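A quick note: this is a predicted structure, and the numbers were derived from the prediction, not measured. In what follows, chains are A, B, ... by sequence order, proteins preceding strands, each numbered from 1. When reading the values below, keep in mind they use all heavy atoms of this one structure, side chains included, and skip hydrogens, waters and symmetry mates.
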Amino acid sequence: MIEREIADFDLEQIARSGQCFRFRELGEKRYSVVAGGKYIEVCQEGRLVRFDCSEETFESVWRGYFDLDADYGRYKRAVAKRDQYLQRAVAAGCGLRILRQELWETIVCFIISQQNNIGRITKCVENLCSLFGEICYNRSGQVYNAFPTVERLAACTLEEFAPIRLGYRARYILSAARQVVSGEVDLEAVRHMDYAHARTELMRLSGVGRKVAECICLFALHHIDAFPIDTHIRQVLDAHYPKGFPLKRYRGFAGVMQQYAFYYELVTN
DNA sequence: CTCCAGGCATAAA
DNA sequence: TTTATGCATGGA
C-alpha cells in the first residue's frame, strides 16, 4: 500500500472527467482502474491518496499514469484573473489530471466516443473488454478484463461486434485495427512523433478525424498542447470566448485548460 | 414522436 | 477548400 500527500489531485474528479472509461466506483472516494492491462484500487481522504500496489509498481506505472510529477499549480496560476469562466472551471475541477493512457486503448475508446454519450461509451467499452479482453486476476483473486489487443480485434468479424452495440463505429474499429496490424499505420512511430505529426498520422486511421485524433494526442501521448473542440467546448467558445480562446496565453498546455472547461460543463449541465 | 450525445466519411459545390 | 448528409444506438 502506497500513501502519498498529493496537491491538486482529486480521484473522484479524475474518475468522472470522461478521459478514461475504465474507472469503477467501489465506494466513498474509492475507485478501481484498469490501465495498460494492470488493475489498481485507489482511495482518497483529503490530500492523502492510497494506491493499493507495490512501491515498484507505483513508481513504474501509476506515478506516470496519474501525471504525479507535473505541477498543476503552475497551470492554474496561468489562468487570467479576469477570465471569470476559466476561474470557475478551474475551481470546479481543481483536482483534475491529464492521464497517460495506453495508445491503442485510447484510439478505440475515442472512436467509440464520437456522436455518443459517456454512459453509453462506458457500456460499449465494458462490452468490448468482457468479450475480447484477456482475463486477468487482481491481488484479491478477482477477475477483470484487460483491454483487447489490436491483434485480437483485427481478427474479429463485424458479426462478432454486434453484441457490443457499437453502431456504425464497429466497422471503424475493425478497419483501424487492421490498419495497425498490417503496418499501414505504425503506432510505435506515432509514439515518437511531435503533436502535429502524431495528429496527422492518427487521422489516417478509419474513424479518426481531427477531434478524436486530438483527444488521443492529449490523453494517450500526453501532448497537453492539444485542444480538442467537441460540441460542449464549441458551446463554451461561442458563449464565453467570442473572440476565440486565448490559446497563446496557454501555449504548451492548452489541453489542461480544455479539460477544466470540459469537466465544468459536465458537472454543471 | 423528436432531439441529442466528446464526429467522421463521403460527395458535392 | 468549405459545406451538406447519412450514420447506429439508447436515453430524455
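Aromatic ring centroids of A:Tyr85 and A:Tyr264 lie under 6.0 Å apart.
Pairs of residues two or more places apart, or lying in two chains, that qualify as side-chain hydrogen bond (donor to acceptor under 3.5 Å, both in side chains) and include a residue from residues 124-133 of chain A are A:Arg24-A:Glu126.
At a threshold of 4.5 Å between non-hydrogen side-chain atoms, the residues A:Gln114 and A:Asn116 do not count as touching. Considering only heavy atoms from C-beta on, A:Ile112 stays 4.5 Å or farther from A:Phe21 through its side chain. A heavy-atom distance below 4.5 Å is found between the side chains of A:Glu25 and A:Arg16.
With the nearest nucleotide of DNA chain B identified for both A:Arg204 and A:Phe262, A:Phe262 has the one nearer the 5' end.
Of all the residues in residues 107-120 of chain A, A:Gln115, A:Arg120 reach under 4.0 Å from DNA chain C with at least one non-hydrogen atom. Near-neighbour residues of DNA chain B inside residues 167-174 of chain A, defined by a heavy atom below 4.0 Å, number-ordered: A:Tyr168, A:Tyr172. Near DNA chain B, defined here as any heavy-atom distance below 4.0 Å, the residues from residues 222-252 of chain A are A:Asp230, A:Thr231, A:His232, listed numerically.
Taking atom CG of A:Leu202 as the reference point, atom C1' of B:dG7 lies 16 Å away to the nearest angstrom. Whole-Å rounding puts the A:Asn269 CG to B:dC4 P distance at 14 Å. Distance OH (A:Tyr263) to P (B:dG6): 15 Å, rounded to an integer number of Å. Note: NZ (A:Lys211) to P (B:dA9) measures 13 Å, nearest angstrom. Distance NZ (A:Lys123) to P (B:dA5): 18 Å, rounded to an integer number of Å.
The residue A:Gly18 sits close to a base: some heavy atom pair falls under 4.0 Å. Using a 4.0 Å heavy-atom criterion, one finds that A:Ile216 contacts no nucleic acid atom at all. Among the atoms of the strands shown, base atoms are found under 4.0 Å from some heavy atom of A:Ser17. As judged by a 4.0 angstrom heavy-atom cut-off over every strand, A:Phe219 is placed among the base-contacting residues.
A donor and an acceptor atom, one from each side chain of A:Gln142 and A:Asn138, are located under 3.5 Å apart.
Contacts of A:Asp8 classified as side-chain hydrogen bond (donor to acceptor under 3.5 Å, both in side chains), with partners at least two apart in sequence or in another chain: A:Lys76. Among residues two or more places apart in sequence or in another chain, the side-chain hydrogen bond (donor to acceptor under 3.5 Å, both in side chains) test is passed with A:His240 by none. With sequence neighbours excluded, the residues satisfying salt bridge (Lys or Arg N to Asp or Glu O under 4.0 Å) with A:Arg191 are A:Glu102, A:Glu188. For the side-chain hydrogen bond (donor to acceptor under 3.5 Å, both in side chains) test, residues two or more places apart in sequence or in another chain that qualify with A:Tyr72 are A:Asp67. Contacts of A:Tyr144 classified as side-chain hydrogen bond (donor to acceptor under 3.5 Å, both in side chains), with partners at least two apart in sequence or in another chain: none.
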Listing, residues 251-259 of chain A side-chain donor-acceptor contacts under 3.5 Å, not counting sequence neighbours, or none:
residue, atom, partner, partner atom, Å
A:Gln258, NE2, A:Pro228, O, 2.9
A:Gln259, NE2, A:Ser17, O, 3.4

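Contact footprint of chain A on DNA chain C: nucleotides with an atom under 4.0 Å from a non-hydrogen protein atom, first to last in 5' to 3' order, C:dC7 to C:dG10.
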Residues A:Arg4, A:Glu55; criterion salt bridge (charged side-chain N to carboxylate O under 4.0 Å, His left out); working and verdict:
CA-CA 11 Å; A:Arg4 291 286 190 280; A:Glu55 178 77 31; 3.5 Å; yes
Output, in order, the C-alpha distance, side-chain angles, deciding distance and verdict of salt bridge (charged side-chain N to carboxylate O under 4.0 Å, His left out) for A:Glu41 and A:Arg30.
CA-CA 7 Å; A:Glu41 294 182 9; A:Arg30 177 172 187 82; 2.9 Å; yes
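Here the separation of B:dG6 from C:dG6, taken at their P atoms, is 23 Å to the nearest Å. Taking the P atom of each, C:dA8 and B:dA11 are spaced 15 Å apart, rounded to whole Å.
Linking ILVMFWY side-chain heavy atoms closer than 4.5 Å, directly or via other members, places A:Ile164 and A:Trp104 in a single hydrophobic cluster.
In this structure, A:Tyr31 and A:Phe23 have perpendicular ring planes: the angle between them is above 60°, well past the 30° mark.
Heavy atoms only, all atoms of each residue included: A:Arg120 and A:Arg165 are closest at NH1-O, 3.2 Å.
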Nucleotide N/O of nucleotides 10-13 of chain B paired with protein N/O under 3.5 Å:
none

